[in-house]
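Have a look at the structure below before the remarks.
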Protein chains: 2
Amino acid sequence: MSTSERLIESTRELLWERGYVGTSPKAILERAGAGQGSMYHHFKGKPDLALAAIRRTAEEMRATAEGVLGGPGTPYERIAAYLRRERDVLRGCPVGRLTMDPDVMADAALRAPVDETLDWLRERIAGIVEEGKAQGGFAASLESEEVAAAVVATVQGGYVLARASGSPAAFDAGVRGLLSLLSAHNTRTE
Amino acid sequence: MSTSERLIESTRELLWERGYVGTSPKAILERAGAGQGSMYHHFKGKPDLALAAIRRTAEEMRATAEGVLGGPGTPYERIAAYLRRERDVLRGCPVGRLTMDPDVMADAALRAPVDETLDWLRERIAGIVEEGKAQGGFAASLESEEVAAAVVATVQGGYVLARASGSPAAFDAGVRGLLSLLSAHNTRTE
DNA sequence: GTCTATATAAGGATAGAC
DNA sequence: GTCTATCCTTATATAGAC
């Protein structure tokens, strides 16, 4: 792996573990096994490197979500698969956590990938709910954008609960709770 | 307000805005209008001051939640009132956001109030769901702990979505989505 | 109790040698 | 491209005067 690649990957890890504010160039360099010269040769500085890292992480999250949401099954099953997908729950969401980072939110460039990814996710799920309504699986009374927001919020909030309690159980409980409520609106149970 | 009080209040504000890692003693002192001597006279250091601030914030959040959850109405109405309670959505949850702070999570003392508060909240709501089941308002098939986790997660995740999109609308959408799912399990609609 | 030094380390970046 | 040296600022804390 090239030095530039190692810098990006190390930054991705540290942003996930410690956030932007909590990540120093020094820590990145140590993890990447690179010197300062390399970092400032390949990137303009911390924000520039972080941008590359955030963009990649956002893309990855999108691809992972699409892999499940675009898979086989009824709309309900695809949403359930997304919610139940295997996760490193205690590490939190590498994208969602950035919303709590003041320096990320204050920088339009750093913030854009976060915003776009979470937005895309909600729209993607809302579209699946619409599919379900059209096929008759989901009750027509459901507001797809609202259900989608509840789904994504349950995941993002689940990370918070799990990290607070130090156990993935709270995440799983939230997911099961939401699915139990949602399944009542799903008439295609074959 | 005493100097000690001003220090705690300033710390509370900064922890909310920037988290623990992003808050420096210097910034606290400036906001409190105090000198370094005062801070190190009243508190052992940054972690000690932060602990006082976090404890107070946690107590306040609990009192606010109890004010709504312990209010009048059916179980469904009380949970709905909690979800719809007025919030400064874009600021996020002053307790929940600390779960993304590595230095808070690494310190058992700082972490305890966060853990306890979110735990209490889930249990409190689970108890209300149980009430609803006993009274016949909620379907007996609901798992109260799971529904409670979904409720709290929707709130915590709603903050994430709202901050990402820069608008409280996403929070409100998630809340409405969850309530629309939950209301179908509520037979006391008088 | 509060203030002003003072101290050590870390954050973040530049300069220039190799 | 990468390294080391150097720079200025901030983070966090201590010491001691008032």
Side-chain angles (χ1 to χ4, degrees), chain A residues 1-56 97-98 100-111, chain B residues 1-56 97-98 100-111:
Chain A
M1 192 160 43
S2 71
T3 299
S4 163
E5 273 302 303
R6 289 202 320 278
L7 285 168
I8 293 178
E9 289 304 313
S10 298
T11 303
R12 296 216 301 147
E13 291 173 18
L14 282 163
L15 286 181
W16 197 354
E17 291 168 23
R18 306 194 38 87
Y20 182 85
V21 169
T23 296
S24 68
K26 189 185 176 193
I28 294 170
L29 296 174
E30 273 166 15
R31 187 167 300 209
Q36 288 206 307
S38 297
M39 170 174 156
Y40 287 99
H41 172 75
H42 293 288
F43 302 95
K44 286 201 264 290
K46 177 179 166 179
D48 190 41
L49 173 51
L51 180 56
I54 291 174
R55 280 189 172 144
R56 186 174 297 181
R97 75 152 296 149
L98 297 173
M100 296 303 151
D101 214 304
D103 291 4
V104 170
M105 297 315 275
D107 182 325
L110 294 181
R111 180 191 178 136
Chain B
M1 194 158 45
S2 72
T3 299
S4 164
E5 273 301 304
R6 290 204 318 278
L7 285 167
I8 294 177
E9 289 304 312
S10 298
T11 304
R12 297 216 300 147
E13 291 173 20
L14 282 163
L15 286 180
W16 197 354
E17 292 168 21
R18 306 195 37 87
Y20 182 84
V21 168
T23 297
S24 68
K26 189 185 177 194
I28 294 170
L29 296 174
E30 272 166 16
R31 188 168 300 210
Q36 289 205 308
S38 297
M39 170 175 157
Y40 286 100
H41 172 74
H42 293 288
F43 302 94
K44 287 202 262 292
K46 176 180 168 179
D48 189 40
L49 173 51
L51 180 57
I54 291 174
R55 281 189 172 144
R56 185 173 298 180
R97 74 153 296 148
L98 297 173
M100 296 302 152
D101 214 305
D103 291 4
V104 169
M105 297 317 275
D107 182 326
L110 294 180
R111 180 190 178 135

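Below, chains carry the letters A, B, ... as their sequence lines are ordered, and counting in each starts from 1. The shown structure was predicted, so the numbers you read here are calculated from the model rather than taken from an experiment.
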Are [X] and [N] close enough that a side-chain N or O sits under 4.0 Å from OP1 or OP2?
X	N	value
A:T3	D:dG1	no
A:S24	C:dG12	no
A:H42	D:dT2	yes

Worksheet, complete the sentence: Result for 5'-nearest mapping on DNA chain D, choosing between B:K44 and A:G33, is A:G33
Discussion item. Closest-nucleotide mapping onto DNA chain C: is A:P25 or A:G37 further toward the 5' terminus? I mean the 5' end.
Written reply: A:P25
Would you kindly give the [atom1]-to-[atom2] distance between [X] and [N], to the nearest whole Å?
X	N	atom1	atom2	value
A:H41	C:dA15	NE2	P	16 Å
B:Y40	C:dA7	OH	C1'	12 Å
A:E30	C:dG11	CD	C1'	13 Å
A:D48	C:dG12	CG	C1'	14 Å
A:K26	C:dG11	NZ	C1'	9 Å
A:L49	C:dG11	CG	P	15 Å
A:K46	D:dT9	NZ	C1'	14 Å
B:L14	D:dA11	CG	P	11 Å

Item to complete: Assess whether side chain to side chain contact (heavy atoms under 4.5 Å, CB included) is satisfied between A:R31 and A:E9, documenting all intermediate values.
Response: CA-CA 9 Å; A:R31 187 167 300 209; A:E9 289 304 313; over 6 Å; no
Discussion item. Quick check against the 3.5 Å criterion: does B:T11 have a side-chain atom that pairs as donor or acceptor with the backbone of B:A53?
Written reply: no
Item to complete: State whether the side chain of A:R6 and the backbone N or O of A:A32 hold a donor-acceptor pair below 3.5 Å, judged by distance alone.
Response: yes
Worksheet item: Donor-acceptor pair under 3.5 Å: do we get one between A:Q36's side chain and the base of C:dA15?
Response: no
Fill in: Touch class at under 4.0 angstrom, heavy-atom based, for A:T23 against every strand present
sugar-phosphate
Fill in: Closest non-hydrogen atom pair, A:L51 against A:A109
CD1-O, 3.4 Å
Practice prompt. Apply side chain to side chain contact (heavy atoms under 4.5 Å, CB included) to the pair A:V21 and A:V104, showing each step before the final yes or no.
Written response: CA-CA 8 Å; A:V21 169; A:V104 170; over 6 Å; no
